[in-house]
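The structure appears right after this line, and notes come after that.
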There are 2 protein chains.
Amino acid sequence: MMDHELKLFLSVAEHLHFGKASQACHLSASALTRSIQRLEGELGHKLFIRDNRTVQITEAGLLFKKYALKAVQEWQAVREGLEDRDLIYGELSIYSSLTAVYSVLPELISLFSRDFPEVKVGLRTGAEEEAIEKVLEGEIDIAVAALPDKKVKGIEFLPLLVTDLVFVGAKSPTLPSPASSLEMPLVLPEKGVSRVRVDKWIKQQGEVTKQIMEVSGNEAILAMVSLGCGVGVIPELVLEKSPFSNEVEIIDTGADLEPYTVGLCSTKKNLEKASVGAFWETAKQGVLKGAV
Amino acid sequence: MMDHELKLFLSVAEHLHFGKASQACHLSASALTRSIQRLEGELGHKLFIRDNRTVQITEAGLLFKKYALKAVQEWQAVREGLEDRDLIYGELSIYSSLTAVYSVLPELISLFSRDFPEVKVGLRTGAEEEAIEKVLEGEIDIAVAALPDKKVKGIEFLPLLVTDLVFVGAKSPTLPSPASSLEMPLVLPEKGVSRVRVDKWIKQQGEVTKQIMEVSGNEAILAMVSLGCGVGVIPELVLEKSPFSNEVEIIDTGADLEPYTVGLCSTKKNLEKASVGAFWETAKQGVLKGAV
DNA sequence: TACTCATATTGCACATAATGCAACACTAAA
DNA sequence: TTTAGTGTTGCATTATGTGCAATATGAGTA
């Protein structure tokens with residue numbers, strides 16, 4: 001951003017409280033303090049009088065606030081003005097699991113390309129578990145991935161859909177009882193959100209140490225399961241869209257795995273790129289309208 | 001600065017040539033290229049079409065140029081508006097040689113304090129030769145120092161006055177001939193501009209290796225010289241203002257030492273602080289009006 | 001065609017600035 | 001006196017900007 005400091009200033013001017021303002025801006029109080037100090041040094045005026053208990057805005061601060069409001073507004077106006085004006089130019093690299101390729105991505109991309117046909121969209125697929133890494137490395141602008149249990153620092157997340165994690169086994173003529181199914185080996189991804197969920201569940205269950213077969217990617221799990229190698233855990237959504245859906249079936253184990261949220265991941269920095277921001281907004285609109 | 005990228009953009013828009021624009025902005029062409037790229041990425045539009053031979057501004061570029069002009073203008077307006085409005089707040093640390101304390105500084109500081117009484121001015125004195133170091137270390141906002149022979153990277157210089165470098169010896173009843181004076185040891189600063197000048201001169205003279213006594217500070221030189229320890233080289237200005245002026249005298253050696261320019265030194269970054277910028281401007285005005 | 005010149009861009013290493021965390025300082029209230 | 005609330009600072013880490021040298025590309029020229 002180009003108006004970052006102004007935004008910070010305005011936030012303090014609004015809250016009159018450094019702690020709250022810093023939270024609202026998603027940065028630490030110390031960083032905020034120093035931004036204001038910088039600004040004050042540059043302008044040569046104290047903008048706020050802080051009294052360890054209260055924060056008051058000074059006269060100079062009020063004057064500057066007028067300016068800041070206008071400046072921020074104009075900056076946004078020019079951004080949007082350009083956006084509407086003609087075509088957004090730029091590139092956008094998306095990373096997605098195969099899963100997502102089958103599910104949300106087609107809608108999103110077609111929606112986006114309709115509005116911004118000039119953006120060259122690149123798509124890479126790979127294991128869902130690596131999506132966030134790729135984004136953090138900067139190799140990729142935006143990824144479709146599962147919402148991690150705890151927030152990952154520096155990652156922004158936009159939820160798109162929620163799907164249950166289900167156990168699946170090979171379809172067999174005579175339905176096996178849940179119990180017997182659970183004697184079979186578990187087929188799980190090496191890492192990633194669904195693995196974390198299952199591990200937690202196993203722990204809850206007590207010490208029923210199962211045989212675990214580790215593979216990478218939900219499709220691989222389905223493949224293994226369909227061959228009768230064991231019982232897998234995958235997002236229900238994957239099952240629906242998968243070519244294997246006829247060969248496996250959901251097993252009701254009574255296990256209570258938390259559902260699994262799929263969404264877009266990116267970084268603040270990436271979102272400043274117009275093409276990335278536009279995709280993000282498009283997706284957000286799409287969700288609201290139920291198009292996804 | 002807060003409007004740095006806009007200034008760069010405007011420069012390119014004006015010159016329509018990256019090389020020239022980058023020179024005008026005092027940075028490398030590569031940095032400029034990347035600034036423009038950042039901006040284009042953020043806006044989602046190519047602002048210039050560069051064709052390895054020519055640079056054209058795009059339609060989006062023209063639109064953005066309008067905005068940029070306005071934004072830069074408004075930013076400056078708010079800075080100046082605040083400056084006039086009431087008192088500049090801030091601190092200002094000045095480093096100066098004793099020399100300068102006797103000469104230019106009093107006028108400057110009184111001029112400044114009259115206009116900006118709210119700025120707390122701190123003054124540190126020390127050897128002239130160390131002034132630039134202090135500024136670069138960031139320990140000091142602004143220094144009064146001699147203009148170095150070659151520009152020091154990152155240092156801005158504002159010339160205040162020019163003074164000759166002169167040879168001085170102890171005043172004696174019978175004027176010694178220049179020749180005999182030059183048989184005496186030289187009393188010189190360890191480093192600094194005047195040392196460089198004298199070294200150059202000695203080299204030009206050929207291999208007349210003289211005895212050299214190194215001290216720190218022009219006042220020390222005068223003290224040594226007045227005690228009859230040798231012949232010193234100091235800025236003429238120092239001699240005039242010094243309490244030793246009665247005890248030493250100028251020796252006309254016919255040596256052709258380049259004169260010595262005294263001025264303010266600071267860094268670009270420091271000049272962004274309002275208090276520093278105000279002092280700088282005050283000094284500039286002072287010089288123009290002949291007040292210094 | 002081959003060569004040179006002019007120009008913008010990229011790779012890479014380095015310097016500078018921004019940030020978060022933890023410790024601190026200060027004040028009001030209990 | 002203690003405790004809770006809040007802004008600030010020290011320090012280590014990270015992100016960002018920059019310059020230099022090498023590269024790419026195209027125009028003019030022999």
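Every chain is numbered from 1, with letters handed out A, B, ... down the list of sequences.
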Between atom [atom1] in [X] and atom [atom2] in [N], what is the gap in whole Å?
X	N	atom1	atom2	answer
A/L39	C/dA18	CG	C1'	15 Å
A/K268	D/dT14	NZ	C1'	14 Å
A/I155	D/dA15	CD1	P	12 Å
A/I49	D/dT8	CD1	C1'	17 Å
B/H15	C/dT7	NE2	C1'	16 Å
B/Q23	D/dG19	CD	P	12 Å
B/F48	C/dT9	CZ	P	11 Å
B/L16	C/dA8	CG	P	10 Å

Exercise. Would A/R38 and A/S35 satisfy side-chain hydrogen bond (donor to acceptor under 3.5 Å, both in side chains), going step by step from the backbone distance to the final call?
Worked result: CA-CA 5 Å; A/R38 264 198 302 283; A/S35 285; 3.0 Å; yes
Distance test, side-chain N/O of [X] to OP1/OP2 of [N], below 4.0 Å:
X	N	answer
B/H26	D/dT18	no
A/K269	D/dT16	yes
B/Q37	C/dA8	no
B/T33	C/dT9	yes
A/R50	D/dT8	yes
B/R38	D/dG17	yes

Exercise. So which one's nearest nucleotide on DNA chain D is more toward 5', B/A31 or B/D51?
Worked result: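 Of the two residues, B/A31 wins.
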Exercise. For the side chain of B/S30, counting heavy atoms from C-beta on, which of C/dT19, D/dG19, D/dT18 is nearest?
Worked result: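 Closest nucleotide to the B/S30 side chain: D/dG19.
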Exercise. Which of the following nucleotides, C/dT10, D/dC11, C/dA22, is nearest to the side chain of A/R34?
Worked result: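 Of all the options, the side chain of A/R34 is nearest to D/dC11.
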Problem set entry | Plane angle bin for A/W75 and B/Y67 - parallel if under 30°, tilted between 30 and 60°, otherwise perpendicular |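 Tilted: the ring planes of B/Y67 and A/W75 meet at 30° to 60°.
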Exercise. Just wondering, do A/Y95 and A/V135 contact through their side chains at under 4.5 Å, heavy atoms?
Worked result: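 When only atoms from C-beta onward are counted, A/Y95 and A/V135 do not touch, as no gap falls below 4.5 Å.
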For this session: Check whether any side-chain heavy atom of B/L147 sits under 4.5 Å from a side-chain heavy atom of B/P159, and report yes or no.
Result: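 They are not in side-chain contact.
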Problem set entry | 5'-most by nearest nucleotide on DNA chain C - A/L32 or B/F18 |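 It is B/F18, whose closest nucleotide lies nearer the 5' terminus.
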For this session: For the pair A/K203 and A/D199, evaluate salt bridge (charged side-chain N to carboxylate O under 4.0 Å, His left out) and give the outcome as yes or no after the intermediate values.
Result: CA-CA 6 Å; A/K203 212 170 165 189; A/D199 282 345; over 6 Å; no
For this session: Go through the N and O atoms of the side chain of B/S28 and the base of D/dC20, and report whether any donor-acceptor pair is under 3.5 Å.
Result: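 Flag unset: no donor-acceptor pair detected.
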For this session: Classify the side chain of B/R53 versus the base of D/dG28 as yes if they form a donor-acceptor pair under 3.5 Å and no if they do not.
Result: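 When only heavy-atom distances are counted, B/R53 does not reach the base of D/dG28 through any donor-acceptor pair under 3.5 Å.
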